[in-house]
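First, the structure itself, so that you have it in front of you.
Count residues from 1 along the sequence. This is a predicted model, so every value here is computed, not measured.
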Amino acid sequence: MNTRLITPAAMLTVAIMSAIMCVAACFILKPDPAASTDFGLVLPSPNLWDISPLWSEIINVAIIGLSAPAVFLINKHFSLLKSSLPFWALFYLPLICCNIFVSGRFTAGILLLPTVLAILVALFNSYRSRNATRSIFFIATCISIGSTVQQAFLPLLPASIIGTLIMKALHGKEIMALLLGLVAPYWVLTGFGIITPSDFRMPVLSPLFTSGISPEMVATATGTGVLFAIGLFLSLYNGIKLYAGNSRIRGCNNVVNVFGITATAAMIFDTANLTAYLGIFALWTGLQFANLFTLWNLPRPTWVFWIIQGCILAYAAILSLTLIF
């Protein structure tokens with residue numbers, strides 16, 4: 001399982017590398033090119049919130065910093081990998097920090113992160129449950145509340161429904177709990193007068209094949225496309241070993257795959273809001289790299305590990321240079 005790779009020095013090196021990318025992003029990043037666009041369904045989206053650049057980065061670093069140990073604990077509890085060591089976190093962390101549009105300021109992508117992690121925990125806990133109404137209601141409520149300020153939460157709904165099917169936890173009661181969870185937050189907000197029917201806005205889509213990509217996002221979109229091809233290949237490659245293994249572990253991995261592929265599809269149809277989905281994308285691709293090291297006996301695994309980390313750092317450097325020059 002290549003456990004010798006995970007030494008304190010390796011973990012510290014990856015953490016320092018990720019921190020450097022976050023700090024560099026904060027100084028390099030220009031004002032949000034989408035600052036005039038509102039992606040919330042009834043309330044202002046995060047890109048319109050009045051937060052100073054300093055506090056924006058503090059919030060960012062805090063959420064990203066806490067999400068890495070959360071990923072480690074999720075894997076340790078549910079055993080998605082054939083190792084309790086932090087392989088997933090050590091790939092996820094640099095993958096999310098390397099994109100300066102996500103790590104350089106507070107965005108919807110960072111807002112989605114804790115929500116997606118909570119949804120994954122709820123789904124994993126519902127495996128073969130005869131009564132998963134609480135978990136499903138919680139998931140639907142999270143998505144519904146998030147959608148008030150960011151339409152990027154909406155693709156989480158079909159991904160979560162597919163996830164419940166994979167976890168074999170969707171029955172009649174769960175469907176009712178799902179509907180109630182979706183309606184309840186809007187019902188409460190309307191009842192207290194916080195929002196009115198006139199505040200509702202339809203999601204604004206910007207498909208790749210009709211809207212194109214802004215010049216600032218070309219490098220990000222290109223890198224994301226390359227990483228998607230790698231992630232998809234690895235998910236199929238790793239699936240060979242997972243298919244013959246424990247059904248619960250296979251199911252949990254497939255749930256993460258569904259969220260990653262859903263995020264990719266959402267980027268294609270919501271390119272103006274592309275950065276909102278990069279956190280989910282980092283979770284998915286990070287898991288694929290982690291499975292590569294825990295499922296297969298790689299030749300020279302230390303070399304492969306640091307080559308991957310070097311490529312992530314090089315991508316961050318290229319992305320930064322495109323904005324500087």
Residue from L93, N99, I100, L95 passing side chain to side chain contact (heavy atoms under 4.5 Å, CB included) with C97: L93
Closest non-hydrogen atom pair between W284 and I261, with its separation: CZ2-CG1, 4.3 Å
Side chains of L43 and I195 in contact at under 4.5 Å (non-hydrogen atoms): yes
Atom CH2 of W187 with >12 non-hydrogen neighbours under 6.0 angstrom: no
Within one Ile-Leu-Val-Met-Phe-Trp-Tyr cluster: L111 and L66, side-chain cutoff 4.5 Å: no
Derivation and outcome, side chain to side chain contact (heavy atoms under 4.5 Å, CB included), residues I194 and D199: CA-CA 10 Å; I194 298 174; D199 294 325; over 6 Å; no
Close side-chain approach of I63 and F106, heavy atoms under 4.5 Å: yes
N273 (side chain) donor-acceptor with A276 (main chain) under 3.5 angstrom: no
Inter-residue atom distance Q150.CD - T107.OG1, 0.5 Å rounding: 9.0 Å
Donor-acceptor contact below 3.5 Å, side chain S235 vs main chain L232: yes
Backbone N/O of N125 and side chain of S129: donor-acceptor pair under 3.5 Å: no
Under 3.5 Å: donor-acceptor pair, side chain of T271, backbone of S206: yes
Minimum heavy-atom distance between Q309 and P94, given as atom pair plus value: OE1-CG, 3.3 Å
Within-4.5 Å side-chain heavy-atom neighbours: L41 and F153: no
CG on L182 to CZ on F137, rounded to 0.5 Å: 9.5 Å
Nearest-0.5 Å distance, CG of residue N75 to CG of residue L85: 9.0 Å
Side-chain heavy-atom pair N291, L242 within 4.5 angstrom cut-off: yes
Closest approach of I145 to T148 (non-hydrogen atoms, all atoms of both residues): O-OG1, 2.5 Å
Among T262, T275, I280, T224, side chain to side chain contact (heavy atoms under 4.5 Å, CB included) partner for M267: T224
Under 3.5 Å donor-acceptor, N254 side chain and R250 backbone: yes
Single-linkage hydrophobic cluster, 4.5 Å side-chain cutoff, I161 and L180 together: no
Parallel, tilted or perpendicular: rings of F293 and F305 (30°, 60°): perpendicular
Donor-acceptor contact present, side-chain R128 to main-chain K168, <3.5 Å: no
L117 and S67, any side-chain heavy atoms less than 4.5 Å apart: yes
Side chain E174, main chain A132, donor-acceptor under 3.5 Å: yes
Chi angles and distances behind the side chain to side chain contact (heavy atoms under 4.5 Å, CB included) call for F228, T285: CA-CA 8 Å; F228 170 73; T285 49; over 6 Å; no
Minimum side-chain heavy-atom gap L90-F72 below 4.5 Å: no
Sidechain-backbone polar pair: W88 side chain, V71 backbone, donor-acceptor under 3.5 Å: no
Within one Ile-Leu-Val-Met-Phe-Trp-Tyr cluster: L73 and L113, side-chain cutoff 4.5 Å: no
Closest approach of R130 to H171 (non-hydrogen atoms, all atoms of both residues): O-ND1, 4.2 Å
Side chain to side chain contact (heavy atoms under 4.5 Å, CB included) partners of I307, counting only residues at least two apart: C311
Ring pair (Phe, Tyr, Trp, His ring centres under 6.0 Å) partners of residues 189-227, not counting sequence neighbours, each pair once: Y186-F200, F209-F269
Side-chain donor or acceptor of N238 paired with backbone N/O of Q288 under 3.5 Å: yes
Spatial distance of atom SG (C22) from atom CD (E57) [nearest 0.5 Å]: 6.0 Å
Same apolar cluster (I L V M F W Y, side chains within < 4.5 Å links), V61/V14: no
Within 6.0 Å of CZ in R134, more than 12 heavy atoms from elsewhere: no
C142 SG to I139 CD1 distance, which is reported to the nearest 0.5 Å: 8.0 Å
Trace of the side chain to side chain contact (heavy atoms under 4.5 Å, CB included) decision for I230 with F289: CA-CA 9 Å; I230 295 172; F289 283 122; 4.0 Å; yes
Where S83 and T294 come nearest, the two heavy atoms and their spacing: CB-CG2, 3.8 Å
Cluster check M176, L178: I/L/V/M/F/W/Y, side chain < 4.5 angstrom: no
Check: D270 side chain, L205 main-chain N or O, donor-acceptor pair, under 3.5 Å: no
Side chains of V121 and F78 in contact at under 4.5 Å (non-hydrogen atoms): yes
Step-by-step side chain to side chain contact (heavy atoms under 4.5 Å, CB included) determination, L287 to F259: CA-CA 12 Å; L287 180 62; F259 275 82; over 6 Å; no
Nearest heavy-atom neighbours spanning N253 and L80: ND2-O, 2.9 Å
I162 side, atom CD1; L123 side, atom CG - distance, nearest 0.5 Å: 11.5 Å
Beyond-backbone contact of T220 with Y315, side-chain heavy atoms, under 4.5 angstrom: yes
